[in-house]
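This report refers to the structure that appears directly beneath it.
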Amino acid sequence: MVGKMSILVTGGAGYLGSHTVLTLLQAGHSVVVLDNFSNSSAVVLSRIAQLAGRAPTFVRGDVRDGACLRNLFLKYPIQAVMHFAGLKSVAESARQPLNYYLNNVSGTLQLCQAMAEFGIYRLVFSSSATVYGDSNEMPLSEDSPTGVPTNPYGRSKLMVEELLQDLADAEGRWGIAVLRYFNPVGAHKSGFIGDDPNGTPNNLLPYISQVAVGRLKALQLFGNDYPTPDGTGVRDYIHVLDLAAGHLCALEAVGRRSGLSTWNLGTGRGYSVLEVISAFERACGRKVDFVIVPRREGDVAQCWADPGKAFRELGWRAERGLDEMMADAWRWQLTNPDGYKESGV
Ligand code: WQD
């Protein structure tokens, strides 16, 4: 068990970041959150404080702003960084590649440069299974070839993985964990924090939960002609709190080993879109209307993890099943029909 540390969480007001910040606070760590609220809300911070019984320190700023980072490191004795801040829409990245490379790649470079200046060499990086592209056998292991990502978002994640490897190869003091997320879904059991994307959701779960709560009319199901059991896309959905727990284990790992290590954070089980819709309907007791439309550009047929390496090396594995993921996702949506917007809390 790593001693209590002071951790910077970039993007800590976002969906994945907020659940990880809560987990870190509950484990006794001190947390500084850096967020520019480009895809998150200040309300999250008070919700986290209510759940944890204490608040993280908050700095409003952008990870691309070197001066902001240096002022933060001057003011707070940070010992490790969890880097979530970045843009993450596959579709949007194809429309705005420069914005994605500036945020995801340049932002990480600024962060690493400021970290090194202050002698901070422990980093947990938020990567994605998207780096595997579309050319692999399932399940995906960390040794599976990182194919050719099908979009600028995926390419930006792969570029960052490669530049972090160069840093670790050149400077032995770096301890870096690259975590390849599969499909994070669900929410904290309280319903206080959850996934609240800006505008119309790109991802399946927030879309179907907004249909169920009446904000959206029907899901567009992107293709039922894939080479999968029921023709719809298969993904490895993982509960966001299992993902957060994986970050805690990775933090301990970077504290005791130098170099760069990569771990898949997935359950090892794939579910199709139709299976997810049925599971969500069971959880919410409502019908989720959908219409089948052509495939979405850039989608792969199937993607699920071999999570064995994280279990062997980190002692971590996902514990929550699909029904629990759906129930927790629905509780968040039902408690917050308009996400964080409406709340004054
Ligand atoms: C899941 C399945 C769709 C929406 C992406 C990124 C990944 C990560 C998660 C950031 C697919 C189908 C979806 C809809 C649908 N992003 N679908 N109608 O594309 O697997 O992964 O988001 O961390 O890096 O690549 O997730 O939720 O968009 O799609 O039919 O309106 O649901 O075709 O089969 P995806 P998703």
Side-chain angles (χ1 to χ4, degrees), residues 11 14-17 19-20 39 83-94 100 103-104 125-134 138 140 146-147 149-158 160-161 178-186 195 197-212 215-238 240 243 246-247 264-267 270-280 288-305 322 325-326 329:
Y15 171 44
L16 307 182
H19 285 81
T20 303
N39 190 21
H83 180 32
F84 292 94
L87 302 178
K88 64 172 196 170
S89 162
V90 168
E92 186 185 58
S93 75
Y100 269 68
N103 273 278
N104 295 1
F125 173 62
S126 164
S127 191
S128 168
T130 307
V131 303
Y132 290 115
D134 189 12
M138 296 299 135
L140 291 164
T146 48
T150 54
N151 54 78
Y153 162 75
R155 277 190 281 279
S156 74
K157 288 296 183 181
L158 192 53
V160 172
E161 288 197 9
V178 169
L179 301 181
R180 290 175 179 165
Y181 306 157
F182 282 71
N183 288 63
V185 296
D195 191 4
N198 281 347
T200 304
N202 293 297
N203 296 137
L204 180 65
L205 247 295
Y207 204 106
I208 59 178
S209 68
Q210 289 188 24
V211 170
R215 276 176 66 180
L216 294 170
K217 276 187 66 59
L219 170 77
Q220 292 192 320
L221 201 167
F222 296 135
N224 67 342
D225 57 351
Y226 283 104
T228 61
D230 64 17
T232 63
V234 174
R235 297 290 186 276
D236 184 332
Y237 297 93
I238 176 171
V240 65
L243 198 89
H247 284 71
N264 286 340
L265 294 189
T267 67
Y271 288 100
S272 74
V273 178
L274 287 174
E275 287 174 318
V276 170
I277 292 170
S278 301
F280 196 86
V288 173
D289 289 332
F290 63 85
V291 57
I292 293 173
V293 297
R295 298 179 180 186
R296 176 174 63 177
E297 185 66 30
D299 272 357
V300 298
Q302 51 183 11
C303 176
W304 70 87
L322 186 67
M325 295 180 216
M326 298 301 108

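Because the structure is predicted, anything quoted here is derived from the model rather than measured. All ligand and atom numbering here is 1-based and tracks the order in the structure.
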Output yes when the distance from some N or O of ligand 1 to some N or O of T130 is under 3.5 Å, and no in every other case. yes
Could you say whether the N/O atoms of L204 and ligand 1 ever approach to under 3.5 Å? yes
With atoms numbered from 1 as shown, which atoms in ligand 1 lie under 4.0 angstrom from a non-hydrogen atom of [X]?
X: G233; value: 34 (O)
X: L219; value: 14 (C), 18 (N), 31 (O)
X: Y153; value: 10 (C), 16 (N), 23 (O), 24 (O)
X: Y237; value: 1 (C), 2 (C)
X: V90; value: 6 (C), 25 (O)
X: S128; value: 7 (C), 24 (O)
X: L221; value: 30 (O)
X: N202; value: 4 (C), 28 (O)

Backbone of [Y] reached by a side-chain donor or acceptor of [X] within 3.5 Å:
X: R215; Y: S209; result: no
X: S126; Y: F84; result: no
X: Y100; Y: S89; result: yes
X: N39; Y: N198; result: yes
X: D236; Y: T267; result: yes
X: N264; Y: L140; result: yes
X: K88; Y: Y153; result: no

Among all protein heavy atoms, pick the one closest to [atom] and tell me residue, atom and distance.
atom: atom 21 (O) of ligand 1; value: N183 ND2, 3.7 Å
atom: atom 20 (O) of ligand 1; value: R235 NE, 2.6 Å
atom: atom 12 (C) of ligand 1; value: V273 CG2, 3.8 Å
atom: atom 22 (O) of ligand 1; value: N203 ND2, 2.9 Å
atom: atom 17 (N) of ligand 1; value: F222 CD1, 3.7 Å
atom: atom 33 (O) of ligand 1; value: D299 OD2, 2.6 Å

Option of least heavy-atom distance to atom 19 (O) of ligand 1 (set: R180, R296, Q220): R296
Do R235 and V300 have side chains that get closer than 4.5 Å, going by heavy atoms? yes
Check whether any side-chain heavy atom of D230 lies under 4.5 Å from a side-chain heavy atom of N224, and answer yes or no. no
Under 4.0 Å between a Lys/Arg side-chain N and an Asp/Glu carboxylate O for D289 and K217? no
d(N183 CG, C303 SG) to nearest 0.5 Å is 6.5 Å
